[in-house]
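Only a predicted model underlies this, so the values are computations on that prediction, with no experimental measurement involved. Atom set for the values below is all heavy atoms of this structure, side chains included, hydrogens, waters and symmetry mates excluded.
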Amino acid sequence: MGFEHLVIVRFKEGAVVADIMKGLEKLVSDVDLVKTFAWGEDLESPEMLTQGFTHAISMTFDKKQDYTAFQTHPSHVEFSATFSAAIEKIVVLCFSSVQVKPAIA
């Protein structure tokens, strides 16, 4: 079991999403508390189901305390200003995960 941080977002018109995601990739690479990181842009969901959201971001931590420490990490605090300024709409879910089917290597 781990602790998951899921972000679903719609960026503001004119936001340079590629640069923002490169910054986020660097952040999670530099902070060992983040165990897994993935992100992507919606490609095929019917618009009525996306409610305007375009991107999903997922991070896994070993435990909730690691997520809490990540939130206050100086690199995260610094990057959050850039990320927040680019967001038009956001949903954030944090939860203890129950792995039913593990990834196959």
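- Residues Ser75 and Leu27 form a side-chain contact, since some pair of their non-hydrogen atoms from C-beta on lies under 4.5 Å apart.
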| message | Quick one, Glu88 with Lys12, criterion salt bridge (Lys or Arg N to Asp or Glu O under 4.0 Å). Give me CA distance, side-chain angles, the key distance, then yes/no. | response | CA-CA 5 Å; Glu88 182 173 322; Lys12 291 179 180 175; over 6 Å; no

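- Residues Ser58 and Trp39 are not in side-chain contact: their nearest non-hydrogen atoms beyond the backbone lie 4.5 Å or more apart.
- For Glu78, the CD atom counts as loosely surrounded, since its 6.0 Å shell holds 12 or fewer non-hydrogen atoms of other residues, nucleotides or ligands.
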| message | Between Leu24 and Phe79, is the side chain to side chain contact (heavy atoms under 4.5 Å, CB included) condition met? List the steps. | response | CA-CA 8 Å; Leu24 188 53; Phe79 182 78; 3.8 Å; yes

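- Within a 6.0 Å radius of NZ in Lys26, no more than 12 heavy atoms belonging to other residues, nucleotides or ligands are found.
- The shortest side-chain heavy-atom distance between Ile90 and Val7 falls under the 4.5 Å cut-off.
- Lys22 NZ: 12 or fewer foreign heavy atoms inside a 6.0 Å radius.
- Proximity of a side-chain donor or acceptor of Thr72 to a complementary backbone N or O of Ala69 within less than 3.5 Å is detected.
- Residues passing the side chain to side chain donor-acceptor pair (under 3.5 Å) test with Thr54, sequence neighbours excluded: none.
- With rounding to the nearest 0.5 angstrom, the CZ atom of Phe3 is 9.5 Å from the OG atom of Ser97.
- Applying side-chain contact (heavy atoms from CB on, under 4.5 Å) to His5 and the options Val92, Leu93, Thr60 leaves one that passes, Val92.
- The distance from the CG atom of Leu33 to the CD atom of Gln65 is 11.0 Å, given to the nearest 0.5 Å.
- A donor-acceptor pair is defined here as one N or O able to donate and one able to accept, closer than 3.5 Å; such a pair exists between the side chain of Lys89 and the backbone of Gln51.
- For the pair His76 (side chain) and Gln71 (backbone), a donor-acceptor distance under 3.5 Å is present.
- The distance from atom CE of Met21 to atom CZ of Phe11, rounded to the nearest 0.5 Å, is 5.5 Å.
- Taking OG1 of Thr36 as the reference point, atom CD of Glu4 lies at 6.0 Å (rounded to 0.5 Å).
- Note that CD1 of Ile20 is 9.0 Å distant from NE2 of His55, once rounded to the nearest 0.5 Å.
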| field | Evaluation steps, ring-ring contact (aromatic ring centres under 6.0 Å, His included), between Phe61 and Phe70 | value | CA-CA 9 Å; Phe61 300 84; Phe70 175 72; 5.4 Å; yes

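- Residues Phe83 and Ile57 meet the side-chain proximity criterion, which asks for heavy atoms closer than 4.5 Å.
- Residue Ile87 is grouped with residue Met59 when hydrophobic side chains (ILVMFWY) are merged at heavy-atom distances under 4.5 angstrom, including chains of intermediate members.
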